[in-house]
Every structure is written in C-alpha cells, then in structure tokens.
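Just so you know, ligand 1 is whichever comes first in the structure, and atom 1 is the first atom listed for that ligand.
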Amino acid sequence: MFSYAGRTTTPAAQPLQTRIGGFGGAKGLADTIRREGFSHVIDATHPFARQISRNSIAACAETQTPLVAFERAPWRAEPDDDWQHVSDVEAAVAALPVAPSRVFLAIGKQHLAPFAARPQHFYLLRLVDPPENPLPLRAAAIVIARGPFTAESDIALLRLHRITHVVAKNAGGEGARAKLSAARALGARVILIKRPPLPERRVVRSVAEVMLWLGQTARLGV
Ligand SMILES: NC(=O)c1ccc[n+]([C@@H]2O[C@H](COP(=O)([O-])OP(=O)(O)OC[C@H]3O[C@@H](n4cnc5c(N)ncnc54)[C@H](OP(=O)(O)O)[C@@H]3O)[C@@H](O)[C@H]2O)c1
C-alpha cells in the first residue's frame with residue numbers, strides 16, 4: 001500500500017493501492033501495521049518530513065517490522081558555489097542580509113511565516129498548488145509548478161525575478177537540484193537548510209537497493 005500525507009491536491013497516480021492522511025502518531029501507525037498485517041515499511045518521505053520518519057522508526061520498533069528509509073544523498077557544494085549551511089528555517093531567516101534583497105524561497109508552503117520578520121525582501125515562491133490562505137509575506141510572487149526542473153528553466157526564472165539569494169532545504173536528488181545550478185550560474189548566494197536529525201535507521205539511496213532489501217528481508221523471513 002502507498003501512503004500519502006495529503007499535502008498536494010492532485011498527487012501523482014501510483015500503480016498500488018493508495019491511502020491518504022495521518023495514522024494518529026506512532027501508536028496509530030503501529031496499530032495499522034498490526035491490523036493490516038504489513039510485513040515491511042519503506043519510508044520514502046522527503047528528508048525534512050521529520051515526524052512521519054520518527055513515527056515510522058517508533059512504530060516499526062514496537063511491532064518488530066523491518067524498516068528502510070529511501071533517502072537521496074544530500075547535495076554537496078561545488079567549487080563555484082556560494083553556499084551557507086544553516087540548521088533550520090529560523091537560522092535561514094537570520095542569514096538573510098539586512099539590505100533589501102530578492103529571495104527565491106524554495107522551501108514549500110509550510111514554513112513561510114518566519115520570513116515575515118524580514119519584510120524588506122522580495123520573495124519568490126514556487127508551489128505545487130495555489131495557496132489556500134493569504135501568504136504571510138508582503139512582497140511576494142508565486143509560481144505554480146511541479147518538478148523536476150531544468151537548470152535552463154531555473155536560470156530563466158532567477159533572471160526574470162533578479163534573484164540574489166536562494167533559500168532551500170538540502171533535499172538532495174536530481175529533480176530539485178536545478179535551482180542550485182542556476183544560483184551557481186548567476187552568482188546568487190544559497191542559504192541551505194540542513195536536514196533535521198533522526199534516530200539511527202537503515203538508509204538506502206536507490207529504488208534498486210530498496211527492492212534488494214525487500215527481497216532479502218522477505219527471504220530471511222525477518
Ligand atoms: N517537510 C518538507 O519539507 C517536505 C517537502 C516536500 C515534500 N514533503 C512531503 O510532504 C509530506 C508531509 O511532510 P511533512 O514534513 O509535513 O510531514 P511530517 O511533519 O513528518 O508529518 C506530519 C504528519 O503527517 C502525517 N503523515 C506524514 N507523512 C505521511 C504519510 N506518508 N502517510 C500518512 N501520514 C503521513 C503524520 O500524521 P500522524 O502523526 O497523525 O500519523 C505526521 O505526523 C510527506 O509525504 C513528505 O515527503 C515534505
């Protein structure tokens with residue numbers, strides 16, 4: 001079964017039975033695993049989806065269910081990159097300059113409010129769906145788009161909005177890397193939010209490794 005959190009209105013279709021919504025914390029997830037008889041859990045959430053990952057670790061420990069996290073490797077700076085690594089959204093706000101700047105806020109819609117503390121900046125947002133509520137930001141433009149993106153199109157986007165700073169989460173992977181390539185090409189500064197820490201768990205980097213793990217743990221009858 002495929003489990004979505006329900007953050008986008010039209011999620012991509014999957015060739016598996018799909019459910020949407022939370023389970024009621026780690027306890028609810030453990031109850032679901034037992035009730036439905038799930039033998040394996042694959043945490044394929046975004047590296048910043050901290051709560052569901054914590055819930056998966058706790059629920060799988062409680063029910064003794066094998067768990068694997070499918071997580072992209074974090075991005076690493078190349079020689080021409082101008083990156084500042086920060087620990088969270090609040091630190092990203094603090095890392096912005098005092099002088100009015102033009103910021104591509106590539107962090108989704110959930111954590112925009114802290115940037116209202118720096119109203120002197122122009123903010124460019126890229127969202128999957130149009131926002132349901134008024135934005136907490138005064139000067140902002142919204143682009144509605146779903147990745148993957150190309151370096152060429154992101155260079156054009158950053159040029160169009162005369163972006164000087166890119167704020168992003170270190171999600172890793174290819175589909176969202178384009179904004180970092182564009183920042184490098186245009187000399188924009190990148191403020192990159194580090195991943196939230198999680199308890200230790202088995203992590204793999206590719207679908208092939210997930211499938212291997214699935215086959216091996218099934219064979220061992222773990
Ligand atoms: N955080 C990001 O930056 C980010 C960026 C891009 C995409 N996403 C995606 O957006 C979704 C939610 O991320 P988040 O950071 O808001 O989550 P989160 O803070 O880790 O979890 C919030 C709650 O959402 C429910 N939930 C999360 N993922 C679920 C899943 N796969 N199936 C069912 N319920 C789920 C759980 O509710 P209960 O406790 O009630 O079970 C969880 O406590 C994930 O699919 C993630 O991959 C997140």
Side-chain angles (χ1 to χ4, degrees), residues 1-14 16-36 38 40-63 65 67-75 85-93 104-115 123 125-133 142-149 166-180 190-199 201 203-205 207 210:
M1 183 190 283
F2 202 96
S3 176
Y4 275 130
R7 294 290 187 268
T8 57
T9 51
T10 48
Q14 298 296 336
L16 292 174
Q17 190 185 343
T18 301
R19 65 172 294 286
I20 294 181
F23 295 92
K27 163 110 186 38
L29 180 56
D31 291 346
T32 303
I33 290 170
R34 276 196 209 95
R35 192 177 56 248
E36 310 272 336
F38 288 113
H40 299 75
V41 174
I42 301 165
D43 177 359
T45 52
H46 188 275
F48 284 72
R50 184 163 177 250
Q51 194 54 50
I52 188 69
S53 293
R54 294 185 83 92
N55 290 351
S56 306
I57 293 166
C60 288
E62 189 191 321
T63 57
T65 308
L67 166 72
V68 76
F70 170 32
E71 199 179 72
R72 300 163 291 198
W75 292 312
H85 296 273
V86 296
S87 52
D88 53 27
V89 171
E90 284 68 27
V93 175
F104 180 19
L105 208 45
I107 59 167
K109 63 180 174 188
Q110 288 194 64
H111 304 288
L112 300 176
F115 290 90
Y123 294 101
L125 312 178
R126 178 159 61 194
L127 306 175
V128 176
D129 298 307
E132 287 161 5
N133 303 307
I142 304 173
V143 174
I144 305 298
R146 191 190 289 253
F149 303 103
V166 174
V167 176
K169 295 173 175 174
N170 195 340
E174 293 310 313
R177 189 198 289 272
K179 56 184 174 265
L180 303 175
V190 174
I191 298 168
L192 201 57
I193 304 171
K194 289 182 205 161
R195 297 177 175 194
L198 285 169
R201 62 198 176 142
V203 176
V204 297
R205 300 289 188 211
V207 173
V210 173

Taking the side chain from Arg19 and the backbone from Gly21, do they hold a donor-acceptor pair closer than 3.5 Å?
-> yes

Is the backbone N or O of Arg195 less than 3.5 Å from a side-chain atom of Asn170, with the two atoms forming a donor-acceptor pair by type?
-> no

So salt bridge (Lys or Arg N to Asp or Glu O under 4.0 Å) across residues 45-58, not counting sequence neighbours, yields none

Side-chain contact, heavy-atom cut-off 4.5 Å: Arg205 with Arg72?
-> no

Name each N or O atom in ligand 1 that is under 3.5 Å from a protein N or O, and give the partner atom and the distance.
from	atom 1	to	atom 2	distance (Å)
ligand 1	1 (N)	Phe48	O	3.4
ligand 1	3 (O)	Lys169	NZ	2.5
ligand 1	16 (O)	Arg7	NE	3.1
ligand 1	16 (O)	Arg7	NH2	2.8
ligand 1	16 (O)	Gln110	OE1	3.4
ligand 1	16 (O)	Gln110	NE2	3.0
ligand 1	20 (O)	Ala49	O	3.3
ligand 1	20 (O)	Arg50	N	3.3
ligand 1	20 (O)	Gln51	N	2.8
ligand 1	20 (O)	Ile52	N	2.8
ligand 1	31 (N)	Ser3	O	3.0
ligand 1	32 (N)	Ser3	OG	2.6
ligand 1	34 (N)	Gly21	O	3.0
ligand 1	39 (O)	Gly25	N	3.1
ligand 1	39 (O)	Asn55	ND2	3.2
ligand 1	40 (O)	Gly24	N	3.0
ligand 1	40 (O)	Gly25	N	3.4
ligand 1	41 (O)	Phe23	N	2.6
ligand 1	41 (O)	Gly24	N	3.2
ligand 1	41 (O)	Gly25	N	3.2
ligand 1	47 (O)	His46	N	2.6

In this structure, are over 12 heavy atoms from other groups packed under 6.0 Å from Glu36 atom CD?
-> yes

Please check if the side chain of Lys27 supplies one atom and the backbone of Gly24 the other of a donor-acceptor pair under 3.5 Å.
-> no

